[in-house]
Asker: 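Right, I'll just put the structure down here and ask away after.
Remember, predicted model here, so these are calculated numbers, not experimental data. To find a chain, count down the sequence lines: A is the first, B the second, and so on, and within it residues start at 1.
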Amino acid sequence: MERNLNELVLETLRKRSELKQLKQLQGYLTTLGHAHTHFYAFKLIRFCVLTLSNLSYARLIFDHLPSPNTHLFTAIITAYAAHPATHPSALSLFRHMLRSQPPRPNHFIFPHVLKSSHHSFSVQSLHAQIVKSGFHHFPVVQTALVHSYSKLLGGMDNAKKVFDEMSHRNVVSFTAMVSGFARVGDVETAVRVFNEMPERDVPSWNALISGCTQNGAFTQGIELFRKMVWECNRPNGVTVVCALSACGHTGMLQLGRWIHGYVYKNLFVFDSFVSNALVDMYGKCGSLGKAREVFEMNPEKGLTSWNSMINCFALHGQSDSAIAIFEQMVEGRDGVRPDEVTFIGLLNACTHGGLVEKGYSYFEMMVREYGIEPQIEHYGCLIDLLGRAGRFDEAMDVVKGMSMKPDEVVWGSLLNGCKVHGRTDLAEFAAKKLVEINPHNGGYGIMLASVYGELGKWDEVKNVWRTLKQQKSYKVPGCSWIEVDDQVHQFYSLDKSNTKTEELYGVLESIVGFRNEVMVELYP
DNA sequence: CTAGGGTTAG
């Protein structure tokens, strides 16, 4: 009888996949007096979570059990820990478990509960609980602790403490340390830990490479990617996404293309992350057509897919295409709801296309229709838009109406507009603000001095230059780069040290018919 | 039933 019932339950759960059948089975078990049998309850709960994705019904079954065991607690807590939205439930159920002992937690449960903890007090109290229950010698638990601490702000000291006390450090705990150091921007230490690792696998490489790209060390990220391939580690989707991001930021189209080929040949799942990263890479490297091609091929266009495509068009000043993509995005069969990034791209596109009214109306739409609180980035775009169009009264109204302190981009955009339209009075105001916000940026001082020059305020010009010299403030030189034959050539404004500079000036001269060094900065 | 890695933004 028992054996037959087991088979019946397993068979039903394997074949059916609806709540109705589950409830029938539940009723049948109740009539047999097995409603509270742990084995069946566990099977039903797992089925609810895994097949039906119905967490609340799983919890309902659980709540009716008079004395759930550790397994059953773990099943529900694992399910809660799988999604950030239900992390609080995982923690509160765990606290309930501690109060209602028995059952006692086992070591399997701690990684899940730790994963659900995002505050230092809960991680620390869990740590205490782990030590108290004697599970602090399990490598899995130690690793989870290292990871949890490393994700907390200022948690690296604790992470390191746990890590150093581990008797058997494995790849996973090393990787958690690498990503922890990378997260706080300490790429150097991340690299050191990585080099000390006794063995490395794909996720370890990914932790380091993503650490580089997230801290703006794109060239270093690329070098590591090359080394990884060289050492016969096969990059996966995650690696490729990071590497493509680095390609986009450095304009390495050749490598980007190579990666595209690698993806095509080696990665079975063409996931949306990879597709979006390809779109972004092609867009940033100037291959707009290729970007679009990849975008269209993506069968599951998500928010980021649309955003990336819009940004590509905005970057290239193709405002009409950017707007068309946006309209497709919101109107499509299963319309995607735009977010704040979408509108940054859209506003940018309008700015580069000179579409003032349209840009303004998109800003309004963002606030009114989508209830998105404008960020400083949006204000930056809007001021840029209005400034370029010479609509300074409105621009100043926007600045005054901002809920936050205007930043360098806001004043910089305004100053830019002023220069174009000869509004020297307002330019002085904006330049002063810039110097005030960031006195160490020599570029702002130079701009202020030039505005004073235009106004004929020669004493002020002298003052600004004196301050600049005293502070030893320097302007960061304008820089651009171009890739030729898989090699990136970098040019700084008025810098002659690049070996190709002479050649370049020659070509330039033959095109424009005269030698103009400023052109080097504009059209390398 | 366990632990590490991901794209877009002025």
Asker: For the pair made of NE2 in A:His137 and P in B:dA3, what is the distance, rounded to whole Å?
Answerer: 21 Å

Asker: A:Asn307 CG to B:dT8 P: how many Å, rounded?
Answerer: 11 Å

Asker: Which part of the nucleic acid, if any, lies within reach of A:Val202 when heavy atoms closer than 4.0 Å are counted: base, sugar-phosphate only, or nothing?
Answerer: base

Asker: Under a 4.0 Å heavy-atom cut-off, which of residues 72-79 of chain A touch DNA chain B?
Answerer: A:Thr74

Asker: Nearest to the A:Glu377 side chain among B:dG10, B:dA3, B:dT7, which nucleotide is it?
Answerer: B:dG10

Asker: Rounded to the nearest Å, what distance is computed from the CG atom of residue A:Leu126 to the P atom of nucleotide B:dT2?
Answerer: 18 Å

Asker: Examine the base of B:dG6 for any acceptor or donor lying under 3.5 Å from a partner atom in the side chain of A:Asp271, and report the outcome as yes or no.
Answerer: yes

Asker: List for me each residue that meets side chain to side chain donor-acceptor pair (under 3.5 Å) alongside A:Glu223, sequence neighbours excluded, and say none if there are none.
Answerer: none

Asker: Just to confirm, is there a sub-4.0 Å distance from OP1 or OP2 of B:dG10 to any side-chain nitrogen or oxygen of A:Asn348?
Answerer: yes

Asker: In whole angstrom, give the distance that lies between atom NE2 of A:His378 and atom P of B:dG10.
Answerer: 10 Å

Asker: Identify, with sequence neighbours excluded, every residue that meets side chain to side chain donor-acceptor pair (under 3.5 Å) alongside A:Tyr57.
Answerer: A:Gln26

Asker: Could you work out, with side chain to side chain donor-acceptor pair (under 3.5 Å) as the rule, every residue matching A:Lys160, not counting sequence neighbours?
Answerer: A:Asp164

Asker: It should be established whether A:His147 places a side-chain nitrogen or oxygen under 4.0 Å from OP1 or OP2 of nucleotide B:dG4.
Answerer: yes

Asker: When you get a sec, tell me which of B:dG4, B:dT2, B:dG10 is the closest nucleotide to the side chain of A:Pro203?
Answerer: B:dG4

Asker: Between the base of B:dG4 and the side chain of A:Asn170, is there a donor and acceptor pair under 3.5 angstrom?
Answerer: no

Asker: Would one find a side-chain N or O of A:Gln214 under 4.0 angstrom from OP1 or OP2 of B:dT7?
Answerer: yes

Asker: Quick one: which of B:dA3, B:dT8, B:dG6 gets closest to the side chain of A:Thr143?
Answerer: B:dA3

Asker: Do we count A:His71 as stacking onto B:dC1 if the rule is ring centres under 5.5 Å and planes under 30°?
Answerer: yes

Asker: For A:Leu315 and B:dT8, give me the distance from atom CG to atom P, rounded to whole Å.
Answerer: 13 Å

Asker: So, A:Asn276 and A:Thr304: side-chain donor and acceptor under 3.5 Å apart, yes or no?
Answerer: no

Asker: Nearest to the side chain of A:Val171, heavy atoms from C-beta on, is which of B:dG4, B:dG10, B:dG6?
Answerer: B:dG4

Asker: Taking any heavy-atom pair under 4.0 Å as a contact, classify A:Val178: base, sugar-phosphate, or nothing.
Answerer: nothing

Asker: Are A:Ser245 and B:dT8 close enough that a side-chain N or O sits under 4.0 Å from OP1 or OP2?
Answerer: yes

Asker: Hydrogens and angles aside, do A:Ser308 and A:Asn311 bring a side-chain donor and acceptor to less than 3.5 Å of each other?
Answerer: no

Asker: How many whole angstroms separate atom CG of A:Leu278 from atom P of B:dT7?
Answerer: 14 Å

Asker: As a test of reading the structure: which of B:dG6, B:dT8, B:dG4 is closest to the side chain of A:Asn311, going by heavy atoms?
Answerer: B:dT8

Asker: Just the rounded figure in Å: distance from P of B:dT8 to CZ of A:Arg292.
Answerer: 21 Å

Asker: I need the single residue from A:Lys115, A:His112, A:His118 that forms a side chain to side chain donor-acceptor pair (under 3.5 Å) with A:His87. Which is it?
Answerer: A:His118

Asker: Out of B:dA9, B:dT2, B:dT7, which nucleotide sits closest to the side chain of A:Lys284?
Answerer: B:dA9

Asker: Among pairs that include at least one residue of residues 284-305 of chain A, which meet salt bridge (Lys or Arg N to Asp or Glu O under 4.0 Å), considering only residues two or more places apart or in two chains?
Answerer: A:Asp280-A:Lys284, A:Lys290-A:Glu293, A:Arg292-A:Glu296

Asker: Just how far, in rounded Å, is P of B:dG6 from CE of A:Met281?
Answerer: 20 Å

Asker: Please pick, from B:dT2, B:dG6, B:dG4, the nucleotide with the shortest atom-to-atom distance to any side-chain atom of A:Val140.
Answerer: B:dT2

Asker: With heavy atoms under 4.0 Å as the rule, sort A:Ser204 into base, sugar-phosphate or nothing.
Answerer: base

Asker: Does the ring pair (Phe, Tyr, Trp, His ring centres under 6.0 Å) test come out yes or no for A:Phe326 and A:Phe343, once each step is laid out?
Answerer: CA-CA 9 Å; A:Phe326 174 73; A:Phe343 284 99; 5.7 Å; yes

Asker: Checking A:Arg95 now: which residues fulfil side chain to side chain donor-acceptor pair (under 3.5 Å) with it, not counting sequence neighbours?
Answerer: none

Asker: Would you say B:dT2 has OP1 or OP2 under 4.0 Å from some side-chain N or O of A:Gln142?
Answerer: no

